[in-house]
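What follows is one structure encoded as structure tokens, with my remarks underneath.
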Amino acid sequence: MPQGPVADFDVCGKIVAITGGASGIGLELAKLVVTKGAKVLIADLRLTPESESFVDGETVIYLKTDVAKWCELENIVTVSKNVFGDLYDPLLKLDGTDDGWAWSNFWDDTETESYGSVQINVNHPLKLTRIAIRALLSRNKKGVVLIVASMAGYQGDFGATMYCTTKHALVGFTRSVGQLDNHEGVKVVTICPGIVDTPLWDSKPNLKEQFGYHPKLAISARAVAETQLELIESGKYKGGTVYEISALGGRKIPTYFMKPPGYDPKDPKQGYIIRRNDTRAYDPIWNVLAAERKANL
């Protein structure tokens with residue numbers, strides 16, 4: 001049964017789960033939503049001194065989490081229920097690889113089974129989103145999933161091949177699940193920051209020089225967090241939204257920067273892009289989600 005869109009979504013009184021929330025953008029967002037009356041679950045490999053002093057065990061709790069392990073992602077649901085008495089409402093997947101992980105890139109190619117950056121930057125947010133959908137439907141709740149990608153998600157960089165590839169995947173994923181908002185009341189949106197002033201830039205020698213970091217081009221983690229909060233709370237940002245924030249300001253990123261090849265808006269069946277009838281084509285998906293909604297009610 002369609003639930004209708006999330007629309008405006010005030011975080012006051014809500015539970016917010018943030019992976020990667022112990023530092024940088026994640027920590028700034030955690031502080032911001034707490035001031036608005038939300039409770040926060042920080043899921044990360046370790047706390048920083050700043051986040052350790054922020055965690056109080058009541059309004060803000062910490063869960064040691066390796067996002068590459070799906071069982072630990074599932075545990076976010078369990079701990080949220082046990083400690084806060086309910087599921088998270090918005091759930092945020094934050095950007096950045098913890099320094100405990102070996103550097104993962106295409107050119108060194110030292111990994112033997114899989115690229116760690118794909119596991120962290122792609123598999124983690126996709127799986128966590130699926131976990132969130134299932135959990136929210138089982139409690140008949142509306143919720144928001146905010147994924148942090150990057151402007152690299154629609155660019156290319158010879159020196160950051162894996163990073164750009166993983167961020168492209170997140171943009172494509174977000175656009176693909178946009179219909180969940182209207183149909184199931186689960187809004188999935190993505191923010192694509194430009195250069196952000198975070199401790200990550202100091203984690204490796206010459207990193208700033210390699211990727212063209214300049215203070216005039218950087219925005220603060222707080223500025224990104226404020227934009228994230230707007231994407232979560234404002235009904236004008238629908239499911240599937242991809243939003244850019246940089247030193248030059250913010251803007252929605254359209255699916256095409258030009259007209260699709262052969263596309264005629266007066267005749268949607270003409271040209272390369274075909275609009276299908278999602279009522280029939282997606283019925284198997286809606287049936288799965290309906291069963292999940294009924295499972296634990």
Side-chain angles (χ1 to χ4, degrees), residues 2-7 9-11 13-21 25-26 29-30 33 38-44 61 63 65-95 119-149 169-191 228-229 231-233 237-242 285-286 288-297:
Q3 300 300 301
V6 171
F9 196 80
D10 190 344
V11 298
K14 302 291 196 304
I15 299 167
V16 181
I18 306 177
T19 61
I25 299 169
L29 182 64
V33 297
K39 295 180 179 179
V40 175
L41 185 155
I42 291 175
D44 212 327
I61 63 172
L63 176 64
T65 305
D66 181 346
V67 298
K69 297 179 180 178
W70 288 7
C71 61
E72 296 195 16
L73 296 179
E74 292 275 7
N75 197 36
I76 295 173
V77 176
T78 302
V79 171
S80 179
K81 287 180 180 178
N82 290 345
V83 177
F84 290 140
D86 205 347
L87 296 172
Y88 42 75
D89 299 276
L91 179 138
L92 301 307
K93 180 272 161 188
L94 274 299
D95 187 21
Q119 186 70 359
I120 296 169
N121 291 347
V122 181
N123 292 343
H124 148 221
L126 266 61
K127 182 60 175 179
L128 191 53
T129 300
R130 190 64 184 97
I131 291 168
I133 293 166
R134 189 177 291 116
L136 289 166
L137 295 185
S138 72
R139 298 290 286 270
N140 206 31
K141 293 184 67 174
K142 292 187 177 184
V144 179
V145 177
L146 173 63
I147 296 171
V148 178
L170 298 180
V171 169
F173 171 70
T174 301
R175 298 197 191 284
S176 298
V177 297
Q179 292 178 78
L180 282 170
D181 188 1
N182 281 332
H183 201 283
E184 299 294 337
V186 180
K187 183 173 88 170
V188 182
V189 293
T190 283
I191 189 169
Q228 288 178 319
L229 183 61
L231 288 170
I232 293 167
E233 292 194 313
Y237 299 110
K238 310 298 183 185
T241 294
V242 176
I285 300 173
W286 304 138
V288 168
L289 298 177
E292 291 178 355
R293 187 179 294 281
K294 293 176 182 177
N296 297 308
L297 291 178

**OP:** Using atom types as modelled and distance alone, determine if a side-chain donor or acceptor of D181 lies under 3.5 Å from a backbone N or O of V6.
**Re:** yes
**OP:** With sequence neighbours excluded, tell me which residues meet salt bridge (charged side-chain N to carboxylate O under 4.0 Å, His left out) with D89.
**Re:** K141
Original post:
Within a strict 4.5 Å, meaning less than it, do heavy atoms of the I42 and V40 side chains meet?
Top reply: yes
Subject >> Under the side chain to side chain contact (heavy atoms under 4.5 Å, CB included) test, residues paired with V177 that sit two or more places apart >> reply: F173, L180, V188
Original post:
Got V33 and K14 here, is their nearest side-chain heavy-atom distance under 4.5 Å?
Top reply: no
Original post:
Side chains of N140 and R293: closer than 4.5 Å at any heavy-atom pair?
Top reply: yes
Original post:
Any idea which heavy atoms bring G26 and I18 closest together, and the distance?
Top reply: O-CD1, 3.8 Å
**OP:** List the atom of P90, the atom of F9, and the distance in Å for their closest heavy-atom pair.
**Re:** CG-CE2, 3.7 Å
Subject >> Residue pair I120 / P125: nearest heavy atoms and the distance that separates them >> reply: O-CD, 3.4 Å
Original post:
Between E292 and V288, is any pair of side-chain heavy atoms under 4.5 Å apart?
Top reply: yes
Subject >> Single hit among D44, L41, L128, T65 for side chain to side chain contact (heavy atoms under 4.5 Å, CB included) with T19 >> reply: L128
Subject >> Option passing side chain to side chain contact (heavy atoms under 4.5 Å, CB included) with V242 (candidates V171, I191, I147, V189) >> reply: V171
Subject >> Y237 backbone acceptor or donor facing K187 side chain under 3.5 Å >> reply: yes
Subject >> Residue pair V16 / L92: nearest heavy atoms and the distance that separates them >> reply: CG1-CD2, 3.1 Å
Subject >> L136 side, atom CG; R134 side, atom CZ - distance, nearest 0.5 Å >> reply: 11.5 Å
Subject >> Non-hydrogen side-chain atoms of L126 and L170 separated by less than 4.5 Å >> reply: yes
Subject >> Where V145 and A132 come nearest, the two heavy atoms and their spacing >> reply: CG2-CB, 4.1 Å
Quiz: residues 70-85 side-chain donor-acceptor pairs under 3.5 angstrom, not counting sequence neighbours:
{"unit_1": "E72", "atom_1": "OE1", "unit_2": "D66", "atom_2": "N", "d": "2.6"}
{"unit_1": "S80", "atom_1": "OG", "unit_2": "D86", "atom_2": "O", "d": "2.7"}
{"unit_1": "S80", "atom_1": "OG", "unit_2": "Y88", "atom_2": "N", "d": "3.2"}
{"unit_1": "N82", "atom_1": "ND2", "unit_2": "T78", "atom_2": "O", "d": "3.4"}

**OP:** Please report the shortest heavy-atom distance between I232 and V144, naming the atom on each side.
**Re:** O-CG2, 4.0 Å
